[in-house]
Amino acid sequence: MKKKLKFNSRAIHGGQILDPAYGSVMTPIYQTSTYAQTSPGVHKGYEYSRTHNPTRTNFERSIASLENGNYGLAFASGLAAIDAIVKTLDPGDEIISTNDLYGGSYRLFKQIFEKYDLKFHFVNMENLDQVSNKINNKTKLIWAETPTNPMMNVVDIESISKIAKKNQILLCIDNTFASPYIQRPLELGADIVMHSATKYIAGHSDVVIGAIVVNDEQLYNKLSFIQNASGATPGPMDCFLTLRGIKTLHLRMQRHSENAEKVAIFLRNHDKIGNVYWAGFSDNKNYKIAEKQMDAFGGMVSFIPKDNSFESAKKIAENLKLFTLAESLGGVESLCCHPASMTHASIPPEERKKSGLVESLLRLSVGIEDADDLIEDLNNAIG
Ligand SMILES: *Cc1c(COP(=O)(O)O)cnc(C)c1O
């Protein structure tokens, strides 16, 4: 068997099929909806671009390689990927998820899928008893994010996967915040990894795209059927941009992680800042788990002004110059977000409070600029 490449080499070459037509070194953008057949049903493996497209195939193979999985599937957005995963379930099935979940996932679960008689439970997944307590014979899927958004709680993937396996429940990890450079959930026992590749995977804030990686062939066939039958697939240009972004994933993640560490420490030492949330603080409750399952701590940091007021948070958000006030994360540029009014506005205030997501919380996606400039910008904005 061919020796598996290490991660950095996989980011450049992993799964890639060299262009059979002209040997172009970069994957061509096959901007076509259909493919010529030489005789009815005789073709080169491609019939129609909702079903397959060579540019998409290379992205799917690349993300599978990065996650160290067997099969990759691309979707038109992260939410389209989540939608496909939930559609593998049947009416009456139950799902256990985290209470500080990405707002869009919560909205999809509650406002779309509950109508189809699926039942969702939201628990604090740092506490594994809360997961076990909700399991019954209808539970078919456990859905986790780690680190969580925006509270940066770390969930123990390996322990949850053991609980899931024992009860024959699938475990899906939304790996958007970490990226496969930092953690590879399939290696820790998860069944499905899902990405909003819009974020770190593509990495340049220029595309909306999603992905799923699995090891099990039957599960892959089920998801692949839904991908084609429901049709939420990305176009070839978006797959090309994502492949281009992936070539520097390892370099970007390294710098994101270094910069975020400096920013997190600066904020923690600032006398006008209260709690700071970052997965890499050694006094975090689940630091031991973070150290075990993550190879770096990523670029996401949340914090609360010391006076815990929305006014102070608003002032900081308005005064930042280098950080752009915007939704999303994971691009090369630094962003600041106010989750309560932006990314998490679709979660009711009572639910938000349960996870500690207060009105004064700000979330930073620390980019790959010079850390000194980012810190100076924050220092000026805090005043
Ligand atoms: C952005 C995001 C999503 C949704 O992905 P889209 O590409 O915006 O559809 C899902 N999960 C997490 C953690 C995200 O940050």
Side-chain angles (χ1 to χ4, degrees), residues 59 63 67 72-87 95 97-113 120 122 125 141 143-155 157 172-180 182-183 185 190 192-213 227 230-235 238-239 241-242 245-246 253 256 260 277 279 294 298-302 326-331 335-339 342-347 352 355 357 361 363-367:
F59 167 48
I63 187 79
E67 286 289 2
L73 299 119
F75 289 84
S77 67
L79 277 170
I82 301 172
D83 182 82
I85 294 165
V86 179
K87 281 177 178 162
I95 299 96
S97 184
T98 66
N99 59 9
D100 57 340
L101 186 66
Y102 173 68
S105 309
Y106 181 86
R107 180 178 54 200
L108 178 66
F109 292 167
K110 293 293 286 185
Q111 295 191 43
I112 307 277
F113 282 114
F120 295 87
F122 300 94
M125 282 210 186
L141 178 67
W143 186 279
E145 284 176 24
T146 179
T148 62
N149 176 8
M151 302 309 296
M152 311 303 158
N153 292 323
V154 169
V155 171
I157 299 174
C172 177
I173 303 291
D174 179 341
N175 206 26
T176 302
F177 260 44
S179 89
I182 288 178
Q183 90 197 348
I192 308 171
V193 176
M194 171 262 142
H195 278 282
S196 169
T198 312
K199 318 290 169 54
Y200 286 113
I201 300 285
H204 293 72
S205 305
D206 52 7
V207 60
V208 172
I209 191 163
I212 297 172
V213 183
Q227 180 193 39
S230 284
T233 52
D238 290 349
C239 295
L241 286 169
T242 310
I246 285 173
M253 291 317 298
H256 280 299
Y277 305 96
M294 301 172 82
M300 301 304 295
V301 178
S302 298
E327 294 201 11
S328 198
L329 61 112
L335 301 179
C336 171
C337 155
H338 178 244
M342 295 165 72
T343 49
H344 290 66
S346 50
I347 299 179
R352 290 203 299 259
S355 64
L357 199 175
L361 184 93
R363 188 191 79 183
L364 302 177
S365 171
V366 180

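Order of listing sets the numbers, starting from 1, for every ligand and every atom in it. Reckoned from all heavy atoms, side chains included, excluding hydrogens, waters and symmetry mates. This one's a predicted model, so the numbers in the text were calculated from it and none came from an experiment.
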**Q.** Closest to atom 3 (C) of ligand 1 (judged by heavy-atom distance), picking from F177, Y200, Y102
**A.** Y102

Q.
For atom 15 (O) of ligand 1, what is the closest protein heavy atom, and at what distance to 0.1 Å?
A.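 The protein heavy atom lying closest is K199 NZ, 2.8 Å.
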
Q. If you take all heavy atoms of L361 and H338, which pair is closest and at what distance?
A. O-CD2, 3.4 Å

Q.
Within the structure provided, determine whether M253 and Y200 are in side-chain contact (heavy-atom separation under 4.5 Å).
A. yes

Q: With the side chain counted from C-beta on, respond yes when V207 and C239 share a heavy-atom pair under 4.5 Å apart, and no when they do not.
A: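 They are not in side-chain contact.
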
Q. Should the pair F122 and Y106 be assigned to parallel (<30°), tilted (30 to 60°) or perpendicular (>60°) ring geometry?
A.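 Ring orientation of F122 relative to Y106: tilted.
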
For ligand 1, which atoms have a heavy atom of [X] less than 4.0 angstrom away?
| X | answer |
| --- | --- |
| S77 | 7 (O), 9 (O) |
| T198 | 7 (O) |
| G78 | 5 (O), 6 (P), 7 (O), 9 (O) |

Q) Using a distance-only test with no angle check, is there a side-chain donor-acceptor pair under 3.5 angstrom linking D100 and S355? A)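 Short answer, no.
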
Q. To the nearest 0.5 Å, how far apart are CG in L329 and CG in N149?
A. 7.0 Å

Q: Please confirm whether S105 comes within less than 3.5 Å of ligand 1 when only nitrogen or oxygen atoms on both sides are compared.
A: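 Min N/O separation from ligand 1 is not below 3.5 Å for S105.
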
(Q) If I apply the N/O under 3.5 Å rule, does L79 come out as touching ligand 1? (A)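 L79 vs ligand 1: N/O contact under 3.5 Å present.
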
Q: Please work out whether any backbone atom (N, CA, C, O) or any side-chain heavy atom from C-beta onward of D174 is under 4.0 Å from ligand 1, and answer side chain, backbone, both or neither.
A: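 Side chain only.
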
Q: Measure from NZ or CZ of K87 to the centre of the six-membered ring of F75 and say whether it is under 6.0 Å with the direction within 45° of the ring axis.
A: no

Q) Should L329 be listed as contacting ligand 1, given a heavy-atom distance under 4.0 Å as the test? A) yes

